[in-house]
Amino acid sequence: QVQLVESGGGLVQAGGSLRLSCKASGSIFSISRMGWYRQAPGKQREMVATKTSSGAADYADSVKGRFTISRDNAKLTVYLEMNSLKPEDTAVYYCNAAGVQTPSYYTSSISWGQGTQVTVSS
């Protein structure tokens, strides 16, 4: 079973920066795709950025050029560097992992973290 723990959220002024981290734990050899999603009040959860173990990254149009996703595969950790933050980036940010290889099985199931709040004040 994969457990994901996020950290790094908080309150920041518009134009500021934050760095989120998410570490996976459990008996894991590798994770195919890790990423970040967010959900603002009254809105659906949306993809922010994802990255495969081979390095292919995908970003939502709204964050391109401002956010950078990175991974440390050996540490089973994914990061989200957020720069030039805007009030509309305010949301709960969730870490996501899919395609987990353990010593005994592979699962395509998706795991979620508990979320971390990011609030950007104007």
Side-chain angles (χ1 to χ4, degrees):
Q1 186 175 357
V2 178
Q3 293 183 327
L4 301 172
V5 178
E6 302 106 334
S7 60
L11 173 64
V12 64
Q13 288 188 331
S17 300
L18 282 174
R19 187 185 193 219
L20 305 183
S21 300
C22 171
K23 181 172 177 57
S25 62
S27 185
I28 301 169
F29 278 159
S30 63
I31 302 174
S32 294
R33 184 185 301 273
M34 298 186 78
W36 293 94
Y37 289 67
R38 67 186 181 187
Q39 188 166 19
K43 295 187 177 181
Q44 289 188 330
R45 190 173 298 189
E46 62 176 359
M47 187 274 287
V48 176
T50 63
K51 194 164 190 176
T52 67
S53 56
S54 60
D58 190 23
Y59 293 91
D61 288 342
S62 60
V63 306
K64 284 180 180 177
R66 300 188 298 122
F67 291 10
T68 303
I69 188 170
S70 60
R71 288 180 59 168
D72 185 328
N73 292 329
K75 295 182 178 180
L76 300 176
T77 300
V78 63
Y79 306 95
L80 186 68
E81 187 75 35
M82 305 185 292
N83 298 314
S84 302
L85 282 161
K86 304 175 180 179
E88 50 263 43
D89 294 318
T90 295
V92 177
Y93 283 69
Y94 296 91
C95 177
N96 161 289
V100 176
Q101 180 68 59
T102 76
S104 55
Y105 65 89
Y106 173 86
T107 176
S108 59
S109 297
I110 297 172
S111 299
W112 294 94
Q114 81 287 353
T116 185
Q117 177 71 46
V118 171
T119 303
V120 184
S121 63
S122 57

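Numbering of residues begins at 1 and proceeds along the displayed sequence.
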* Asked: Mind checking whether Met47 and Tyr94 sit in one hydrophobic cluster, side chains of I, L, V, M, F, W, Y counted as touching below 4.5 Å?
  -> yes

* Can you measure from CD1 (Ile31) to OG1 (Thr77) and round to the nearest 0.5 angstrom? => 8.5 Å

* Could you give the distance from CG (Leu20) to CH2 (Trp36), rounded to the nearest 0.5 Å? -> 4.5 Å

* Could you check if a side-chain atom of Asp72 sits within less than 4.5 angstrom of a side-chain atom of Tyr79, using non-hydrogen atoms only? => yes

* Asked: So, the side chain of Lys23 versus the backbone of Lys75: is there a donor-acceptor pair under 3.5 Å, distance only?
  -> yes

* Asked: Would you call Phe67 and Leu85 a side-chain contact if the rule is heavy atoms closer than 4.5 Å?
  -> yes

* Looking at CZ of Arg38 and OH of Tyr93, how far apart are the two atoms once the value is rounded to the nearest 0.5 Å? -> 4.0 Å

* To do: Carefully, step by step, assess Lys51 and Met34 under the rule side chain to side chain contact (heavy atoms under 4.5 Å, CB included).
  => CA-CA 6 Å; Lys51 194 164 190 176; Met34 298 186 78; over 6 Å; no

* **Spatial distance of atom OG1 (Thr68) from atom CG (Asn83) [nearest 0.5 Å]** => 6.5 Å

* Short side-chain to backbone donor-acceptor contact, Thr50 and Gly35, under 3.5 Å -> no

* Asked: Same cluster for Tyr37 and Val78 if Ile/Leu/Val/Met/Phe/Trp/Tyr side chains link at under 4.5 Å?
  -> no

* Asked: Looking at side-chain heavy atoms only, is the closest gap between Gln117 and Thr90 below 4.5 Å?
  -> yes

* Structure fact -> Hits for salt bridge (Lys or Arg N to Asp or Glu O under 4.0 Å) against Arg66, two or more places apart or cross-chain, chain-then-number order -> Asp89

* **Inter- and intrachain pairs under disulfide (SG to SG under 2.5 Å), touching residues 11-109, at least two apart** => Cys22-Cys95

* Asked: Are any side-chain N or O atoms of Gln39 and backbone N or O atoms of Ala91, one a donor and one an acceptor, separated by less than 3.5 Å?
  -> no

* Can you find a pair of side-chain heavy atoms, one from Met82 and one from Leu18, that are under 4.5 Å apart? -> yes

* Structure fact -> In terms of heavy-atom contacts, Ala14 and Pro87 come closest through CB-CD, 4.1 Å

* For Tyr106 and Ser32, work out which heavy atoms get closest and say how close. => OH-OG, 3.8 Å

* **Same apolar cluster: Val92 and Leu4, side chain cutoff 4.5 Å** => no

* **Ile110 side, atom CD1; Asn96 side, atom CG - distance, nearest 0.5 Å** => 5.5 Å

* **Nearest-0.5 Å distance, CD1 of residue Ile28 to OG1 of residue Thr102** => 8.5 Å

